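Notes for the one structure printed next.
Note that the coordinates shown come from a computational prediction; the quantities given were computed from them, not determined experimentally.
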Amino acid sequence: MNEIIVVGGENYTATNVTTGTDTISFTISGLTVEEVHTAFKNARSLTVGDGTNTYGNYPNIEFESVTIDAEENITVVMHILNRIEVQIRELQATQAELQVATAEHDEVIAAMIFGGEA
C-alpha cells in the first residue's frame, strides 16, 4: 500500500513504512538516492498518511541512513529521538544562538575599546 510521507511541506510516495521503538523506515519511489538524501538529511519531523488523513506524526526525528538494494529500492531510516536526545538537540541550538550573540557582543566591545564602527 502506498503511503504519503510529508517532510518540509513536500509529499513523498512511500511503501513498507515500518516503525520501531526508535526508528521509522520506508521505501521511496521515483527519486534517486541523492535526491532522497537531500530531501531527508535535514528533516526534523515528518508525518505519515494516506493523502487524505494523517495517522503518524513524528515531531523529533533525525536522518539515519539511505540505502539502495539490488532491485534499486531506496530505503530511508529515520531515528526517532528520545526525551534526552530532544533535550540535547534543544541545548545545542541554544548554545549556537549564544555563540552568535557572544560574537556580536565581542565585535561591539572591540569597536568601543579600539575605535571604529561596530
Side-chain angles (χ1 to χ4, degrees):
M1 170 176 94
N2 286 343
E3 296 179 273
I4 304 298
I5 304 289
V6 180
V7 171
E10 296 291 324
N11 293 353
Y12 300 94
T13 302
T15 56
N16 304 321
V17 177
T18 306
T19 304
T21 57
D22 65 352
T23 61
I24 179 168
S25 64
F26 41 89
T27 302
I28 295 288
S29 57
L31 298 173
T32 66
V33 170
E34 292 79 18
E35 291 169 330
V36 170
H37 186 264
T38 299
F40 290 92
K41 71 178 177 181
N42 294 317
R44 294 294 181 241
S45 65
L46 65 80
T47 60
V48 180
D50 61 10
T52 304
N53 299 307
T54 298
Y55 44 79
N57 185 20
Y58 301 88
N60 296 302
I61 52 113
E62 285 185 347
F63 177 79
E64 192 166 297
S65 67
V66 59
T67 57
I68 186 166
D69 66 17
E71 288 83 36
E72 298 192 12
N73 297 310
I74 299 171
T75 300
V76 177
V77 178
M78 303 297 288
H79 175 66
I80 301 170
L81 302 176
N82 63 37
R83 182 182 55 81
I84 293 171
E85 291 168 324
V86 170
Q87 290 174 336
I88 290 170
R89 177 195 276 178
E90 291 169 354
L91 180 61
Q92 288 171 332
T94 301
Q95 286 178 330
E97 291 170 11
L98 288 174
Q99 287 175 339
V100 169
T102 300
E104 291 171 355
H105 290 152
D106 289 349
E107 289 177 22
V108 170
I109 291 168
M112 289 170 45
I113 292 172
F114 301 111
E117 295 183 23

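- Linking ILVMFWY side-chain heavy atoms closer than 4.5 Å, directly or via other members, places Y58 and L81 in two distinct hydrophobic clusters.
- The structure places OG of S45 at 8.0 Å from CG of N60, a figure rounded to the nearest 0.5 Å.
- Shown here for T75 and S25, the closest heavy-atom pair between the two residues is CG2-CB, 4.5 Å.
- Criterion: ILVMFWY side-chain heavy atoms under 4.5 Å apart, direct or through other members. Under it, I24 and V86 are not part of a common hydrophobic cluster.
- Atom OG1 of T54 is separated from atom CD1 of I4 by 10.5 Å, given to the nearest 0.5 angstrom.
- Interatomic distance, OG1 of T27 versus CG of N2, reported as 11.0 Å (0.5 Å rounding).
- N16 has its side chain out of reach of N73: every pair of non-hydrogen atoms, C-beta onward, lies at least 4.5 Å apart.
- Checked against the 6.0 Å centroid criterion, the rings of F26 and Y12 do not qualify as a close aromatic pair.
- Rounding to the nearest 0.5 angstrom, the gap separating the CG atom in N42 from the CD atom in E62 is 10.5 Å.
- A donor-acceptor distance shorter than 3.5 angstrom exists from the side chain of E85 to the backbone of N82, with no hydrogens or angles considered.
- In terms of hydrophobic clustering, with Ile, Leu, Val, Met, Phe, Trp and Tyr side chains grouped at heavy-atom distances under 4.5 Å, V17 and L46 are assigned to a common cluster.
- The shortest distance between side-chain heavy atoms of T19 and I80 falls below 4.5 Å.
- Residue L31 is grouped with residue F63 when hydrophobic side chains (ILVMFWY) are merged at heavy-atom distances under 4.5 angstrom, including chains of intermediate members.
- In the hydrophobic clustering of this structure, V76 groups with V33; members are Ile, Leu, Val, Met, Phe, Trp, Tyr whose side-chain heavy atoms approach within less than 4.5 Å, directly or through other members.
- Summarising the geometry, atom CG belonging to L91 is positioned 4.0 Å from atom CD belonging to Q95; distances are rounded to the nearest 0.5 Å.
- Summarising the geometry of M78 relative to I61, their closest heavy-atom pair is CE-CD1, 3.1 Å, with the distance given to 0.1 Å.
- One finds the CD1 atom of I74 at 8.0 Å from the CD atom of E34 (value rounded to the nearest 0.5 Å).
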